[in-house]
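Only this structure's heavy atoms are used, side chains among them; waters, hydrogens and symmetry mates stay out.
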Amino acid sequence: MIQWFPGHMHSTRKAIAERLPEIDAVIELLDARLPGSSANPLLAELTAAKPKLKILNKQDLADPALTTLWLDHLRAQAQTQALALDAGEAAPAQKLIAACRALVPGRGGMVKPVRVMICGIPNVGKSTLINSLLGKRSAKTGDEPGITKTEQRLALASDFILFDTPGMLWPRLVVPEGGEHLAASGGIGRNAYDDVEVALALLARVRPRYADRLAARYKLADLAADSDEGLLSAVGRQRGGLLPGGRVNMQKAAEMAIHDFRSGAWGRITLETPDEFGQWRAAAEAADAQRQARRKAPKTPQRQQDAAKGDTPAG
């Protein structure tokens, strides 16, 4: 269960809303391994009227075929361009600037400089990208969410201004699979989830499409014979995550599996396709609508009795 409490993001939302009227285009940085899960629905709502550049960052860790699928999907959206970048691409500035200029052809020059806001969830690689854009170390980087704390104003060209914002999550997690993917990628702080649960969900997601990668990494002959728990145990045994007496330390095994995914040790892996994420979101929104309807429905005598007993249905 992902415990989703990003209350400290309220100030970031307010700052973005205040800045938007003077912004020409918005860049949203996504994780190429989980583009749907790392897209902020609150940001989509705030920036609905603005031209957008979606950047699939960390493409060097993602499945190339599925990255192409996601780029096509994003480019089919109104007022949207999409690019894929490596986490530490040497000189991405010209590519990014050109894509933004194409989105706002009426802007440019000293009188009407292009003003762009760059946004993304925590730990999606925004600070690393900005350092690459500037060609120097300007933004702090790290492997934990929440490194960037305040807005930064950066000049990428004489008539191109980039406003950087702190990473922003959204108030409520609706798509369970999205929460699992964010946890696996490091987009959520470690105190918000259980490592073993996330590792099991990650292995379950990866096995159908990339079983050969897991078999090669952990020297396993037949993954089909193992449950997800059995596969996680095998990870612990192969990687030295053992307790006295030879028992597997499942916590250690989970940490190893998550680290191997994040570092690319499993190879280039993408956790979701556009169709898959669309199905998860539709199912989650339908379930959420049902919960909301139950909350608003008048209480029948039976429901009143259940509530008094503490048996009110979840949601």
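- Remark: Arg239 engages Asp260 in a salt bridge, criterion side-chain N to carboxylate O under 4.0 Å.
- Scanning all heavy atoms of the two residues, the minimum distance from Arg13 to Pro171 falls at NH1-CG, 4.5 Å.
- Using a distance-only test at 3.5 Å, with no hydrogens or angles considered, no donor-acceptor pair links the side chain of Thr80 to the main chain of Ala76.
- Listed for the Glu28 side chain is no donor-acceptor partner under 3.5 Å among the backbone atoms of Ile118.
- Between the side chain of Arg75 and the backbone N or O of Ala82 there is at least one donor-acceptor pair closer than 3.5 Å.
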Checklist entry - So Asp63 and Arg209, salt bridge (Lys or Arg N to Asp or Glu O under 4.0 Å) or not? Walk me through it. => result CA-CA 11 Å; Asp63 184 323; Arg209 196 174 283 134; 6.0 Å; no

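- Atoms CD1 and CG, from Ile121 and Leu34 in turn, are 6.5 Å apart once rounded to the nearest 0.5 Å.
- A donor-acceptor pair under 3.5 Å links the side-chain atoms of Asn40 to the main chain of Met168, judged by distance alone.
- Between Lys50 and Asp24 there is no salt bridge, since none of the side-chain N atoms of the basic residue sits less than 4.0 Å from a carboxylate O of the acidic one.
- Ser37 and Glu177 share no side-chain donor-acceptor pair at under 3.5 Å.
- Residues Ile27 and Val114 share a single hydrophobic cluster, defined by chaining ILVMFWY side chains whose heavy atoms lie under 4.5 Å apart.
- Counting only heavy atoms from C-beta outward, the side chains of Arg247 and Leu242 never approach each other to under 4.5 Å.
- Both Val196 and Tyr218 belong to a single network of hydrophobic side chains, linked directly or stepwise wherever heavy atoms of I, L, V, M, F, W or Y lie under 4.5 Å apart.
- The salt bridge (charged side-chain N to carboxylate O under 4.0 Å, His left out) check on Asp195 picks up Arg190, with sequence neighbours excluded.
- Across Ala234 and Leu220, no two heavy atoms sit closer than the pair CB-CD2, 3.8 Å.
- A distance of 11.0 Å separates CD in Gln251 from CE in Met256, rounded to the nearest 0.5 Å.
- Looking at Glu276, its side chain does come within 3.5 Å of a backbone N or O of Thr273 through a donor-acceptor pair.
- Using a 4.5 Å heavy-atom cutoff, the side chains of Leu133 and Pro92 are in contact.
- Val174 and Ala284 get closest at one heavy-atom pair: O-CB, 3.3 Å.
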Next on the checklist: Assess the residue pair Leu214 and Arg207 against the criterion (side chain to side chain contact (heavy atoms under 4.5 Å, CB included)); give the C-alpha distance rounded to whole Å, side-chain angles, the decisive distance to 0.1 Å, and a yes or no.
Outcome noted: CA-CA 7 Å; Leu214 298 176; Arg207 289 177 73 168; 3.8 Å; yes

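- Residues Arg115 and Phe163 have side chains in contact (heavy-atom distance under 4.5 Å, counting atoms from C-beta outward).
- Smallest separation of non-hydrogen atoms from Val248 and Ser233: CG2-O, 3.7 Å.
- What you find for Leu43 and Cys119 is that their closest heavy atoms are CD2-CB, 3.6 Å.
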Checklist entry - When you look at Leu271 and Val206, which way does the side chain to side chain contact (heavy atoms under 4.5 Å, CB included) test go after all the steps? => result CA-CA 7 Å; Leu271 298 179; Val206 168; 3.7 Å; yes

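- Contact record, Ala183 with Val198: CB-CG2, 3.7 Å, taken as the closest heavy-atom pair.
- For the atom pair CG of Leu169 and CG of Leu42, the computed distance is 10.0 Å after rounding to the nearest 0.5 Å.
- Side-chain atoms of Asp31 never come within 3.5 Å of backbone atoms of Val124 as a donor-acceptor pair (strictly under, hydrogens ignored).
- Counting only distance, with no hydrogens or angles, the side chain of Thr67 and the backbone of Ala62 share no donor-acceptor pair below 3.5 Å.
- Between Trp266 and Phe261, the two ring planes are tilted [angle within 30° to 60°].
- Here CG of Leu83 is found 10.0 Å from CD of Gln59. Values are rounded to the nearest 0.5 Å.
- In terms of the salt bridge (charged side-chain N to carboxylate O under 4.0 Å, His left out) criterion, residue partners of Arg101 (sequence neighbours excluded) are, by chain and number, Asp159.
- Side-chain atoms of Phe160 and Pro113, non-hydrogen and from C-beta on, never get closer than 4.5 Å to each other.
- Between Lys126 and Asp164 a salt bridge is recorded (basic side-chain N to carboxylate O distance below 4.0 Å).
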Item to check | side chain to side chain contact (heavy atoms under 4.5 Å, CB included) between Lys54 and Gln77, worked out | outcome: CA-CA 11 Å; Lys54 303 292 184 80; Gln77 298 173 6; 4.1 Å; yes

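- Here the side chains of Asp275 and Leu69 are not in contact, with every heavy-atom distance at 4.5 Å or above.
- Considering only heavy atoms from C-beta on, Ile130 comes within 4.5 Å of Leu134 through its side chain.
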Next on the checklist: Using the rule given for side chain to side chain contact (heavy atoms under 4.5 Å, CB included), can you reason through Lys52 versus Leu103, listing the C-alpha separation, both sets of side-chain angles and the distance that settles it, and then say yes or no?
Outcome noted: CA-CA 7 Å; Lys52 299 171 189 67; Leu103 285 170; 5.7 Å; no

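- Taken together through direct or relayed side-chain contacts under 4.5 Å among Ile, Leu, Val, Met, Phe, Trp and Tyr, Leu29 and Val26 form part of one hydrophobic cluster.
- Using a 4.5 Å cut-off on side-chain heavy atoms (C-beta onward), Ser158 and Met110 make contact.
- To the nearest 0.5 angstrom, Leu243 atom CG is 4.5 Å from Asn249 atom CG.
- With hydrogens and angles disregarded, a donor-acceptor distance shorter than 3.5 Å links the side chain of Arg213 to the backbone of Arg268.
- When side chains are defined from C-beta on, Pro105 does not count as touching Arg107, because their heavy atoms never get closer than 4.5 Å.
- Remark: Arg205 fails to qualify as a cation-pi partner of Tyr210 under the 6.0 Å distance and 45° angle criteria applied to the six-membered ring.
- Under the 4.5 Å side-chain contact rule for hydrophobic residues, Ile55 and Phe277 do not share a cluster.
- With rounding to the nearest 0.5 Å, the separation of CG in Asn131 from CG in Leu129 is 9.0 Å.
- Connection of Leu182 to Trp280 is not established within any shared hydrophobic cluster, with ILVMFWY side chains joined at heavy-atom distances below 4.5 Å, either directly or through further cluster members.
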